[in-house]
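Just so we're on the same page: letters track the sequence lines, and every chain starts at 1. This one's a predicted model, so the numbers in the text were calculated from it and none came from an experiment. Scope of the values below: all heavy atoms of this structure, side chains included, with no hydrogens, waters or symmetry mates.
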There are 4 protein chains.
Amino acid sequence: MTAEPKPGSRSARVRAAVLKAAGELLMAGGLTAATVDAINARSGVSKATIYKHWPNRTCVAIDAFAEHMARTVPLPDTGSARGDLTEQLRLVCAFHASPAGAVFAQLLAGATADPQAGRLLRERFLAGRREAIRVLWRRALARGEVRAEVDVEVAIDLLFGPVIYRLVSGVAPIGPEQAGAIAEAALAGLGR
Amino acid sequence: MTAEPKPGSRSARVRAAVLKAAGELLMAGGLTAATVDAINARSGVSKATIYKHWPNRTCVAIDAFAEHMARTVPLPDTGSARGDLTEQLRLVCAFHASPAGAVFAQLLAGATADPQAGRLLRERFLAGRREAIRVLWRRALARGEVRAEVDVEVAIDLLFGPVIYRLVSGVAPIGPEQAGAIAEAALAGLGR
Amino acid sequence: MTAEPKPGSRSARVRAAVLKAAGELLMAGGLTAATVDAINARSGVSKATIYKHWPNRTCVAIDAFAEHMARTVPLPDTGSARGDLTEQLRLVCAFHASPAGAVFAQLLAGATADPQAGRLLRERFLAGRREAIRVLWRRALARGEVRAEVDVEVAIDLLFGPVIYRLVSGVAPIGPEQAGAIAEAALAGLGR
Amino acid sequence: MTAEPKPGSRSARVRAAVLKAAGELLMAGGLTAATVDAINARSGVSKATIYKHWPNRTCVAIDAFAEHMARTVPLPDTGSARGDLTEQLRLVCAFHASPAGAVFAQLLAGATADPQAGRLLRERFLAGRREAIRVLWRRALARGEVRAEVDVEVAIDLLFGPVIYRLVSGVAPIGPEQAGAIAEAALAGLGR
DNA sequence: TACTAAACGAGACGGTACGTCGCGTCTTATT
DNA sequence: AATAAGACGCGACGTACCGTCTCGTTTAGTA
């Protein structure tokens with residue numbers, strides 16, 4: 001959750017054990033399976049200790065998932081900036097379509113009711129994704145491939161929004177081919 | 001949930017009482033407060049009966065919310081098709097920014113884990129919204145204001161996605177002014 | 001705890017199951033073993049239900065022990081009233097010296113911190129014992145075998161006090177032979 | 001608990017700090033409040049150190065209470081041996097009726113489950129009391145005021161028993177006036 | 001109008017997880 | 001070496017809400 005303790009320390013080992021167990025449970029049975037009792041049983045770390053490190057179950061799960069996913073979606077570099085954006089979107093869609101996508105949706109859901117979890121989730125996931133796009137966007141701007149009048153944040157919303165929307169709305173997540181269509185439409189615009 | 005019983009019948013009264021109580025609880029304290037026990041206490045309808053009408057709590061909540069929201073977001077007609085789309089987006093954003101928006105996010109969340117609830121939610125909310133946009137889109141197409149190459153469904157994703165994304169991600173929901181920016185960007189496209 | 005529900009009812013069966021399990025655990029491992037979780041596991045009655053019937057673990061244990069002990073120490077009738085008193089004392093001592101005695105001491109201990117448990121304990125055990133002695137005392141008074149100037153309650157304290165004292169103080173409980181000495185001393189008096 | 005270390009030494013200071021803190025907590029909130037963590041917090045002595053000096057919390061409490069009570073009930077000398085016994089009983093009763101009495105009952109309770117605590121308690125409290133009575137009893141014997149046939153230990157049980165009984169049974173502790181009645185009855189005997 | 005079958009109210013129940021507390025042990029760094 | 005500081009495992013606590021169930025009572029439709 002908060003600042004990491006010095007590596008190798010007791011706390012660090014505990015933390016790692018919890019995240020490992022939670023991550024495994026998460027991937028095996030989703031958020032439902034990642035019970036604090038289950039994490040305790042699997043990791044050997046007591047419930048009290050878990051609650052000393054994280055405020056609640058959802059936060060443990062988010063951290064565990066983040067750890068598990070660390071650097072899953074790298075920044076592409078296709079030469080063309082528009083190609084980069086498209087590729088990035090494709091990668092994110094692929095992630096969402098994978099089993100991990102379902103877990104992510106549950107985390108998103110779990111965070112809805114809990115401000116702490118919400119903050120942690122944004123910090124661990126969304127912030128990084130948005131930042132990644134910001135980088136690509138700047139690159140594209142420099143090459144003159146995108147419209148300067150468009151706010152970066154709006155652009156990010158426009159690109160990620162559809163992906164998340166499809167994920168949480170329970171309609172099938174966007175597949176790789178649709179990802180291309182989304183990117184194309186976003187770049188070319190709906191109007192004429 | 002299922003087909004309505006004949007109005008005025010015992011079942012219908014029960015159904016109405018439950019939805020009323022659930023709706024009030026929902027608006028007052030969010031999904032968390034809309035406990036089955038609380039609904040029972042407030043409506044006088046016994047838990048067993050509630051479970052005879054709905055498969056689980058989430059479904060009750062969705063139905064109640066739908067009832068409560070019935071026809072909140074009407075179809076606009078501004079003369080210009082692009083104006084219609086923009087206006088529709090603005091309306092949806094306003095809805096999300098209202099207190100009800102938070103509840104909606106929780107319902108979306110609750111539906112993540114439960115297929116039945118997901119289906120019901122799509123049926124009660126998302127389907128209507130998408131259909132509304134389809135109508136506007138056809139209108140816009142007829143007037144030649146939008147690109148025919150773009151798939152309607154993609155267009156819908158592009159328009160709604162950002163809105164939902166901002167809602168569930170816990171970043172502040174999109175305000176009315178940003179709604180315009182989103183619509184503009186979606187229509188004009190990001191690229192040049 | 002409180003008024004019994006109609007026999008054969010669901011509540012009555014639950015109550016009986018809990019008391020049976022608790023009693024067995026109590027006799028097998030003392031108050032320490034009579035955990036609510038253990039009672040739940042052994043009886044099949046859920047914790048929530050147990051807590052609906054009793055305010056806390058100690059009260060369950062007291063009730064269980066009372067049930068288990070129902071009518072262990074009967075009223076004697078030796079012909080002589082003084083003999084009756086002596087005999088009653090001997091019986092009570094024997095009870096305390098038995099394994100059950102240790103459990104009783106633990107219940108007494110557990111009741112120290114909890115007013116509800118204290119009340120229940122007095123109601124279930126001490127009241128009955130004191131009443132029994134009151135009966136014997138009246139009988140003895142009628143036969144002129146005891147001093148009328150002595151208050152019954154004082155007499156009861158004088159007879160039972162030593163027994164309980166030895167039990168809780170952890171000195172070996174009074175054996176049957178010492179019981180006689182106590183009774184003799186109480187009746188004849190210490191002074192001359 | 002064990003042999004005192006040389007006064008003024010580090011151990012002695014630690015010991016004193018613990019007993020002081022524990023005693024204060026004990027008087028303020030009873031045995032319940034005298035948590036090891038609380039003692040640690042209040043005394044500044046670490047838990048590990050506390051456990052190096054005492055085998056468990058109950059023993060700390062007993063020692064603390066003993067320290068706190070040191071010499072509360074002195075040996076009376078009224079001239080008459082029977083008067084001495086009566087007076088002694090009255091003093092003990094007064095002690096039990098004071099707030100400290102409740103704490104003492106809890107200690108008695110706590111000692112029930114733990115042999116070490118039981119031993120310590122007897123050593124710190126009961127032994128002294130019994131010895132005091134033995135002295136008085138010998139004095140009374142020498143003056144011919146009590147019956148020589150009665151065993152001293154039985155006499156002690158007869159005098160103290162009622163007091164402790166009333167204390168632990170949760171019935172109101174014996175007040176000073178009743179103390180007299182008890183003493184009178186014990187000396188004169190119940191029978192005629 | 002009486003009768004029966006279904007629906008209902010009331011609420012107890014089993015189950016699962018929650019988050020908390022206190023004990024007594026253990027580690028690490030300090031003094 | 002003895003401490004302070006405090007993390008940790010353990011095991012129990014009492015609570016919450018879920019969804020199921022049992023048991024009478026009410027209510028509609030039918031006979």
Side-chain angles (χ1 to χ4, degrees), chain A residues 5-6 8-15 17 32-40 43-58, chain B residues 5-6 9-11 13-14 17 32-41 43-58, chain C residues 5-6 9-15 17 32-41 43-58, chain D residues 5 9-11 13-14 17 32-41 43-58 60:
Chain A
K6 63 181 61 175
S9 75
R10 206 171 167 190
S11 286
R13 267 169 311 175
V14 159
R15 199 189 131 86
T32 308
T35 292
V36 177
D37 290 276
I39 296 172
N40 159 36
S43 68
V45 174
S46 82
K47 284 173 67 177
T49 300
I50 295 175
Y51 280 108
K52 247 172 228 156
H53 286 283
W54 291 271
N56 55 51
R57 177 188 95 148
T58 311
Chain B
K6 62 180 62 173
S9 75
R10 205 172 169 188
S11 283
R13 267 171 301 158
V14 159
T32 309
T35 294
V36 179
D37 292 271
I39 296 173
N40 159 35
S43 69
V45 175
S46 84
K47 288 173 65 177
T49 303
I50 295 175
Y51 280 106
K52 239 169 240 158
H53 286 283
W54 290 272
N56 57 49
R57 174 188 96 141
T58 309
Chain C
K6 63 180 61 173
S9 76
R10 206 170 169 190
S11 285
R13 267 168 306 166
V14 159
R15 199 189 130 86
T32 308
T35 293
V36 177
D37 291 277
I39 296 172
N40 159 36
S43 69
V45 174
S46 83
K47 286 173 65 178
T49 301
I50 295 176
Y51 280 109
K52 249 172 226 155
H53 285 284
W54 290 272
N56 56 50
R57 179 188 95 150
T58 311
Chain D
S9 73
R10 205 167 167 191
S11 282
R13 265 170 303 156
V14 158
T32 309
T35 293
V36 179
D37 292 272
I39 296 173
N40 159 37
S43 69
V45 175
S46 85
K47 288 173 65 177
T49 304
I50 295 175
Y51 279 107
K52 235 167 244 160
H53 287 284
W54 291 271
N56 57 49
R57 174 187 96 139
T58 311
V60 182

A:W54 CH2 to E:dT20 P: how many Å, rounded? 15 Å
Report the residue (A:I50 or B:R57) whose heavy-atom-nearest nucleotide on DNA chain F is the more 5′ of the two. A:I50
Just the rounded figure in Å: distance from P of F:dG19 to CD1 of B:I39. 11 Å
Expected output: side-chain D:T35 to main-chain D:A38 donor-acceptor under 3.5 Å: no
Comparing B:D37 with A:A48, nearest DNA chain F nucleotide closer to 5' gives the residue A:A48
Value in whole Å for how far the C1' atom of E:dG15 lies from NZ of C:K52: 12 Å
As a test of reading the structure: which of E:dC18, E:dG9, F:dC8 is closest to the side chain of A:H53, going by heavy atoms? F:dC8
Side chain of D:S46 (C-beta onward), nearest among E:dC8, E:dC13, F:dA4: F:dA4
To the nearest 0.5 Å, how far apart are NZ in B:K52 and OG in B:S11? 9.5 Å
Where the side chain of C:T49 meets the backbone of C:V45, is there a donor-acceptor pair that is under 3.5 Å apart? no
C:R10 side chain N/O closer than 4.0 Å to the phosphate oxygens (OP1, OP2) of F:dG24? no
Toward the 5' end of DNA chain E, which comes first, D:N56 or C:V45, by nearest nucleotide? C:V45
Given atom CG of C:N40 and atom P of F:dA12, what is their separation to the nearest angstrom? 12 Å
Of the options F:dG6, E:dC13, F:dC17, whose atoms approach the side-chain atoms of B:T35 most closely? F:dC17
Of B:G44 and A:Y51, whose nearest nucleotide on DNA chain E comes first from the 5' end? B:G44
Ignoring the backbone of A:K47, work out which of E:dC13, E:dT20, F:dA7 is nearest its side chain. E:dT20
Length of the CZ-P vector between C:R13 and F:dC21, whole Å: 15 Å
Phosphate OP1/OP2 of F:dG9: any A:T49 side-chain N/O under 4.0 Å: yes
So D:V60 and D:V36, side-chain contact (heavy atoms from CB on, under 4.5 Å) or not? Walk me through it. CA-CA 9 Å; D:V60 182; D:V36 179; over 6 Å; no
How long is the straight-line distance from CZ of C:R57 back to CD1 of C:I39, given to the nearest 0.5 Å? 8.0 Å
